S.K.: 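The structure follows.
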Amino acid sequence: MISNEKKIELAQWLIDPDKKQTLPHDLAALEEKLVASGVSKVYKDIELPLVEILDSMHETGIKVDLDYLTKLSREMEKEIGELVKKIYKQAGGEFNLNSPKQLSEVLFDRLKISSEGIRSTKTGLRSTDIETLELLKSHHPIIEPILRYREIFKIKSTYIEPLRELADKKSRVHTSFIQTGTATGRLSSQNPNMQNIPIMGELGKKVRRAFVADKGYNLASFDYSQIELRVLATVSKDSIMIKAFNNDLDIHKLTASKVYKVPLEKVTPEMRSAAKTLNFGISYGMGPQAFSKTSGISLGEAKKFIQEYFADFAAVKKWQQETIEKARAFGYVENLNGRRRWLPNINWPNRRFAAEAERIAINMPIQGLAADIIKLAMIWVADLLKKKGWWEKRARMLLTIHDELLFEIDDDILKEAMPLIKKEMESAYKLSVPLKVDSAAGKTWEDV
DNA sequence: CGCATACGCGCC
DNA sequence: AAACGGCGCGTTTGCG
């Protein structure tokens, strides 16, 4: 059963996912508006069926190893103490390390580290973010322990401690997936946010090791390979990109070969890495400035590569232009399923705001369709598991992380369940290119 | 004192 | 910090 309140919330959100409009608090009136907005299919076929699935996932939760988290917490506490001592000594006194204001005063005033070329924040503080501190590493030995302190404190305060507090008597944490929390159609997650659990680096691994399967169970993860690029290939109808996915080519390598104008065999890891940044950035409307910053290549090269990219994938450029034009004409964009997002700023004379709306316009149909696909996959997989009699028992759906689903599966059915779930996800939606799902199972999230 | 904002940072 | 889209959250700081 879905409450009227819930239905109203969903309907209002589908009609205006940015939640800027004042809409009727009346289901009958809203249902008319759903039809008029072209989102009743999304409402009935995706969002409503998803409600009980998300409820079940919330109820189930994911198990954490509390003894291990306590051990981690102590280890980190100890290293934080040592770092703080070292930092205070070098600074010649105590201060609040968590205060960017105080830290900037210590670095640039007391220790007289040159602030030449250092960015200012919105309120005029000299920035102390990672990127800035990295630049200062060679100027003073205090920087390195500060960077390490930041890293550990972040992990401990944002993940380790909240997880320990949020775990129930069975050591399980129950995130809430918010169905109306984003403007693109994605889900969000809170208390705790399970969609930003660290994965990179030594500490990321340590955190993931804290998420474990019940005794006799396994954690099993299934993630869509390059789902947003496959969606882009489909909506843009770009023949090169479609061919690449149909032949299961390495898309980043192919892009590198194109923009660097070298044969596939001559693509270096660095070239592939820059091309990967470009492939992702294109869907966000990334410009030369951001591309050169994030990939480490010069501004001139960045400009050249973006130009070259759009010359090679001409249909992508064309689709982006057409999408922006439609957005200007209608005041909204929509994805292939009719999911809609209003863009009141798209025709503003202020270029800064109009350009921001343009980037949203070209991103939402991509991100929003990828979101629909994984939601449909959740619905189909839930059906499959129910038919098998496994739902909430021998195969439990735990998490959704944008392009990934995480399950907890009984040892006895693991071998049978893995390919079934994978198949179900790969057939969740018909694109112009195959959907590809990578899967893995293990006893902790790190193993997966 | 609670609340909003700034800053910084984790993920897809 | 953002001419790179989408989130949530811990800590500090300023305001009422």
Side-chain angles (χ1 to χ4, degrees), chain A residues 17-18 95-104 118-133 146-147 149-163 165-166 175-178 180-201 203-204 207-208 223-224 226-229 232 277-295 299 302-303 306 320 333 341 343 350-368 370-371 374 399-405:
Chain A
D18 284 278
F95 63 101
N96 189 340
L97 252 172
N98 297 321
S99 162
K101 187 166 176 245
Q102 293 184 35
L103 179 59
S104 73
I118 298 300
R119 276 183 297 99
S120 288
T121 66
K122 207 188 295 184
T123 54
L125 292 180
R126 288 153 297 187
S127 175
T128 65
D129 65 11
I130 292 180
E131 202 184 321
T132 304
L133 293 181
I146 290 174
L147 283 167
Y149 169 87
R150 276 260 176 89
E151 189 187 3
I152 300 184
F153 191 87
K154 169 88 179 177
I155 299 291
K156 185 170 183 290
S157 65
T158 310
Y159 304 101
I160 308 294
E161 302 308 338
L163 284 172
E165 283 166 26
L166 290 169
T175 186
S176 299
F177 286 104
I178 310 300
T180 58
T182 74
T184 56
R186 273 188 178 179
L187 294 161
S188 69
S189 154
Q190 62 180 208
N191 301 317
N193 182 353
M194 286 300 301
Q195 294 180 323
N196 74 344
I197 301 298
I199 188 167
M200 302 295 284
L203 290 185
V207 175
R208 294 233 167 184
D223 65 288
Y224 281 111
Q226 279 132 17
I227 189 167
E228 290 199 0
L229 279 175
L232 178 61
T277 302
L278 188 53
N279 274 331
F280 284 122
I282 288 299
S283 295
Y284 306 151
M286 185 173 65
Q289 201 85 44
F291 179 40
S292 89
K293 260 268 154 63
T294 40
S295 65
L299 187 60
K303 281 182 185 161
I306 292 174
Q320 291 189 339
V333 285
R341 183 172 181 185
L343 299 168
N350 183 328
R351 272 313 293 165
R352 196 190 172 290
F353 290 123
E356 196 180 329
E358 289 167 13
R359 291 193 296 278
I360 294 172
I362 60 173
N363 177 254
M364 183 274 169
I366 308 294
Q367 190 181 124
I374 195 147
L399 303 177
T400 165
I401 308 157
H402 308 307
D403 62 356
E404 171 186 0
L405 294 179

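Keep in mind that this is a model prediction, so the values were computed, not measured. In what follows, every chain begins at residue 1, and chains take the letters A, B, ... in the order their sequences are listed. What you see below is based on every heavy atom in this structure, not just the backbone, and it leaves out hydrogens, waters and symmetry mates.
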S.K.: Considering heavy-atom distances to DNA chain C, does A:A290 or A:N196 have its closest nucleotide positioned more toward the 5' end?
M.R.: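 Its nearest nucleotide lies further toward 5', so the answer is A:A290.
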S.K.: If you look at every strand shown and take non-hydrogen atoms under 4.0 Å, does A:F153 touch a base, only sugar-phosphate, or nothing?
M.R.: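 Contact class for A:F153: sugar-phosphate only.
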S.K.: How far apart are the closest heavy atoms of A:R359 and A:G285, and which atoms are they?
M.R.: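 Minimum heavy-atom separation between A:R359 and A:G285: CD-O, 3.4 Å.
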S.K.: Touch check for A:K101, heavy atoms < 4.0 angstrom, all strands: base, sugar-phosphate only, or nothing?
M.R.: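 Sugar-phosphate only.
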S.K.: Does any nucleotide pair with C:dC4 by Watson-Crick or G-U wobble geometry, both distances under 3.5 Å, and what is it?
M.R.: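 Partner of C:dC4: none.
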S.K.: Rounded to whole angstrom units, what separation is found between the CD1 atom of A:I146 and the P atom of B:dC7?
M.R.: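 Going from CD1 in A:I146 over to P in B:dC7 covers 18 Å.
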S.K.: What's A:Q190 touching, base or sugar-phosphate or nothing? Going by heavy atoms closer than 4.0 Å.
M.R.: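 Touches sugar-phosphate only.
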S.K.: Ignoring hydrogens and angles, tell me if any N or O in the side chain of A:Q102 forms a donor-acceptor pair with the backbone of A:N96 under 3.5 Å.
M.R.: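 Looks like yes, one N/O pair under 3.5 Å.
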S.K.: Grab the CG-P distance between A:D129 and B:dC7 for me, whole Å please.
M.R.: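 Taking atom P of B:dC7 as the reference, CG of A:D129 is at 11 Å.
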S.K.: Does any nucleotide pair with C:dC15 by Watson-Crick or G-U wobble geometry, both distances under 3.5 Å, and what is it?
M.R.: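 B:dG2 is the nucleotide pairing with C:dC15.
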S.K.: Counting any heavy atom closer than 4.0 Å, what does A:M364 reach on the DNA or RNA strands: base, sugar-phosphate only, or nothing?
M.R.: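 Nothing, no nucleic acid heavy atom in range.
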S.K.: Distance between the P atoms of B:dA4 and C:dC9, in whole angstroms?
M.R.: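 15 Å, rounded to whole Å.
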S.K.: What is the distance, to the nearest angstrom, from the CZ atom on A:F177 to the C1' atom on B:dC12?
M.R.: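 Rounded to the whole Å, the gap is 13 Å.
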S.K.: Give me the distance, rounded to whole Å, that separates C:dG5 from C:dA1 when you measure between the P atoms they each carry.
M.R.: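 It comes out at 16 Å once rounded to the nearest Å.
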S.K.: Heavy-atom count around A:E161 CD within 6.0 Å, excluding the residue itself: above 12?
M.R.: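 Counting neighbours around CD of A:E161, more than 12 heavy atoms of other residues, nucleotides or ligands fall under 6.0 Å, so yes.
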S.K.: Let me know the distance between CG of A:L399 and P of B:dC11, rounded to the nearest Å.
M.R.: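 Spelled out: CG on A:L399 to P on B:dC11 is 15 Å.
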S.K.: Please work out if A:I130 contacts a base, only the sugar-phosphate, or nothing of the nucleic acid, heavy-atom cut-off 4.0 Å.
M.R.: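 Sugar-phosphate, no base atom in range.
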S.K.: Between the base of B:dC9 and the side chain of A:R150, is there any donor-acceptor pair under 3.5 Å?
M.R.: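 Side chain to base: no pair below 3.5 Å.
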S.K.: Under 4.0 angstrom, heavy atoms only, what part of the nucleic acid is A:I178 near: base, sugar-phosphate, or nothing?
M.R.: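 Nothing, no heavy atom under 4.0 Å.
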S.K.: Taking the same atom, P, in C:dG6 and in C:dA2, what whole-Å distance lies between them?
M.R.: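 Looking at atom P only, C:dG6 and C:dA2 are 14 Å apart.
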S.K.: Can you tell me the distance, in whole Å, between the CG atom of A:D223 and the C1' atom of B:dC11?
M.R.: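 Going from A:D223 (CG) to B:dC11 (C1'), I get 14 Å.
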S.K.: How many whole angstroms separate atom CD1 of A:I155 from atom C1' of B:dC9?
M.R.: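 Spelled out: CD1 on A:I155 to C1' on B:dC9 is 9 Å.
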S.K.: Nucleotide range of DNA chain C contacted by chain A, 5' to 3', under 4.0 Å to a heavy atom?
M.R.: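 In short, chain A contacts DNA chain C from C:dA1 to C:dG14.
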S.K.: Taking the same atom, C1', in B:dG2 and in C:dT12, what whole-Å distance lies between them?
M.R.: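 My reading of the C1' atoms in B:dG2 and C:dT12 gives 15 Å.
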S.K.: Say whether, by atom type as modelled, one donor and one acceptor occur between the side chain of A:T158 and the main chain of A:I155 under 3.5 angstrom.
M.R.: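 Checking the backbone N and O of A:I155 against the side chain of A:T158, no donor-acceptor pair under 3.5 Å is found.
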S.K.: Take the protein atom NZ of A:K122 and the nucleotide atom C1' of B:dA4, then report the distance between them rounded to whole Å.
M.R.: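 Checked: the NZ to C1' distance equals 12 Å.
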S.K.: Rounded to whole angstrom, note down the C1' distance from B:dC3 over to C:dC7.
M.R.: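 Between the two C1' atoms, the distance is 22 Å.
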S.K.: Does a donor on one side chain and an acceptor on the other come within less than 3.5 Å for A:T277 and A:T294?
M.R.: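 No, A:T294 and A:T277 have no side-chain donor paired with an acceptor closer than 3.5 Å.
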S.K.: Test A:K293 against A:E131 for side-chain contact (heavy atoms from CB on, under 4.5 Å), laying out the working first.
M.R.: CA-CA 11 Å; A:K293 260 268 154 63; A:E131 202 184 321; 3.5 Å; yes
S.K.: What's the shortest heavy-atom distance between A:R150 and A:T128, and which atoms?
M.R.: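 Taking every non-hydrogen atom into account, NH1-O, 2.7 Å.
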S.K.: Just call it for A:A183: base, sugar-phosphate, or nothing, with non-hydrogen atoms closer than 4.0 Å on any strand.
M.R.: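 A:A183: backbone/sugar contact only, no base atoms under 4.0 Å.
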S.K.: For A:N196 and A:Y159, which heavy atoms make the closest approach, and how far apart are they?
M.R.: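 Closest heavy-atom pair between A:N196 and A:Y159: O-OH, 2.8 Å.
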S.K.: Figure out the CD/C1' separation between A:E131 and B:dG8, and round it to whole Å.
M.R.: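 To the nearest whole Å, that distance equals 13 Å.
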S.K.: What's A:S189 touching, base or sugar-phosphate or nothing? Going by heavy atoms closer than 4.0 Å.
M.R.: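 If one applies the 4.0 Å heavy-atom cut-off, A:S189 turns out to touch the sugar-phosphate alone, with no base involved.
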S.K.: So A:Y284 and A:I366, do their side chains get closer than 4.5 Å, heavy atoms only?
M.R.: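 Not touching, per the 4.5 Å side-chain cut-off.
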S.K.: So which one's nearest nucleotide on DNA chain C is more toward 5', A:T121 or A:R359?
M.R.: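 Looking at DNA chain C, the more 5' nearest nucleotide goes with A:T121.
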